[in-house]
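Below is one structure, written out as structure tokens; the observations come after it.
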Amino acid sequence: MKEQLQQLQQEALEKIAQASDLKTLNDVRVAYLGKKGPITEVLRGMGKLSPEERPMIGALANEVREAIQSALEEKQAKLEQEEIEKKLASEAIDVTLPGRPVRLGNHHPLTRVIEEIEDLFIGMGYTIAEGPEVEKDYYNFEALNLPKGHPARDMQDSFYITEEILLRTHTSPVQARTMEKHKGRGPVKIICPGKVYRRDNDDATHSHQFTQIEGLVVDENIRMSDLKGTLQAFAKKIFGEDREIRFRPSFFPFTEPSVEVDVSCFNCGGHGCNVCKGTGWIEILGAGMVHPNVLEMAGFDSKKYTGFAFGMGPERIAMLKYGIDDIRHFYQNDLRFLQQFNRA
Ligand code: DAH
């Protein structure tokens, strides 16, 4: 019986040494120390032993059980530790690995030009006003001194939605809306950037949708010289310190007198080149003194108040500034085009 026990111990210790995972180890535990295991079996047979042998075998059986027990515990601790290390290794994060590159976009050239112009005018005390792109005929035309049937409506081919509602053809309706909100009290000093729509066939210089920036100042004693000084500051900021401007007489129904504004050519300094088509001047915007009818319709007393207004096209300004030859580039989202305008 003694040999039997010693053999059991040896067998069990070998199996424990071989067990390479916790499940196998547990099987070994059940096989050797479980209720139906061989050691229990040996102990059950003790009754048949002589009284001298009994304590000796009993003690040996306990020793064997303890040896197996402690070998099991030791192995279990080792396997658990290994398992933790394996898990840690598989979940390891290498903080020294370089990050995945994030693709950065950049400002659209039109956004750049619009923001530059906004910054300039905000610096001169203007606020930014906005209005709806789906506009009433009243604000788009009538309140700007363009009654129904007025021939100048044909200057701006419109997308009508109903007889009274259209996609705004210019940002000038924001003038009328803003003045109305002021309820006849000045000063009003705003610029209005935004999208406008015209029923044009798209080509290198026309687009059915483009942007405009409107400017409006209404107060007592506003004069044409104020308009000229303001636009002079604008031309210098956008096209360079040496720029000059000139006014040419023109016609807009909402201003009287009306002017078209030219800036001296930034490319040749006014001597004549292909950018200014040999004239030394480049047309950049329309402007004028707010027509008394427009002031009155918006509730302003035109004897007390005067004002100036201007309207410009950021596409045209960006095309001149960056030498862009086709307005369609702004809307085609070709990355090769857009990536040239990195703000870096
Ligand atoms: N609304 C005009 C257009 O789209 C531009 C314009 C001209 C606006 C003169 C003005 C202005 O405020 O005074 O053609």
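Start at 1 with the first residue, then count along the sequence.
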Gap separating the [atom1] atom of [X] from the [atom2] atom of [Y], nearest 0.5 angstrom:
| X | Y | atom1 | atom2 | answer |
| --- | --- | --- | --- | --- |
| Ile128 | Ile213 | CD1 | CD1 | 8.5 Å |
| Lys195 | Gln209 | NZ | CD | 6.0 Å |
| Ile190 | Tyr126 | CD1 | OH | 10.0 Å |
| Asp203 | Arg328 | CG | CZ | 6.0 Å |
| Glu244 | Trp281 | CD | CH2 | 5.5 Å |

State, without any angle test, whether [X] and [Y] hold a side-chain donor-acceptor pair at a distance under 3.5 Å.
| X | Y | result |
| --- | --- | --- |
| Ser207 | Asp200 | no |
| Arg198 | Thr169 | no |
| Arg243 | Gln232 | no |
| Gln175 | Tyr139 | no |
| Glu73 | Gln69 | yes |
| Gln18 | Glu14 | no |
| Glu85 | Gln81 | yes |
| Asp202 | His208 | yes |
| Gln340 | Tyr322 | no |

[X] bridged to [Y] by N-O distance under 4.0 Å:
| X | Y | value |
| --- | --- | --- |
| Glu142 | Lys148 | yes |
| Asp262 | Arg246 | yes |
| Asp21 | Lys23 | no |
| Asp137 | Arg153 | yes |

field: Steps toward ring pair (Phe, Tyr, Trp, His ring centres under 6.0 Å) verdict (Phe300, Tyr305)
entry: CA-CA 7 Å; Phe300 276 78; Tyr305 284 107; 5.2 Å; yes
Give a yes or no on this: more than 12 heavy atoms of other residues, nucleotides or ligands lie within 6.0 Å of atom [atom1] of [X].
| X | atom1 | result |
| --- | --- | --- |
| Glu53 | CD | yes |
| Lys228 | NZ | yes |
| Glu220 | CD | yes |

Co-membership, hydrophobic cluster, residues Leu167 and Ile165, 4.5 Å side-chain: yes
I want to know whether [X] and [Y] have ring centres closer than 6.0 Å.
| X | Y | result |
| --- | --- | --- |
| Phe341 | Phe330 | no |
| His329 | Phe337 | yes |
| Phe239 | Phe266 | yes |
| Phe254 | His170 | yes |

- request: Look at the side chain of Lys321 and the backbone N and O of Ile238, then say whether any donor-acceptor pair between them is shorter than 3.5 Å.
  value: yes
- prompt: Out of Glu214, Glu135, Arg168, which one pairs with Val174 under the side-chain contact (heavy atoms from CB on, under 4.5 Å) rule?
  reply: Arg168
message: Out of the candidates Thr306, Leu216, Leu144, only one should pair with Val290 under the side-chain contact (heavy atoms from CB on, under 4.5 Å) rule; please name it.
response: Leu216
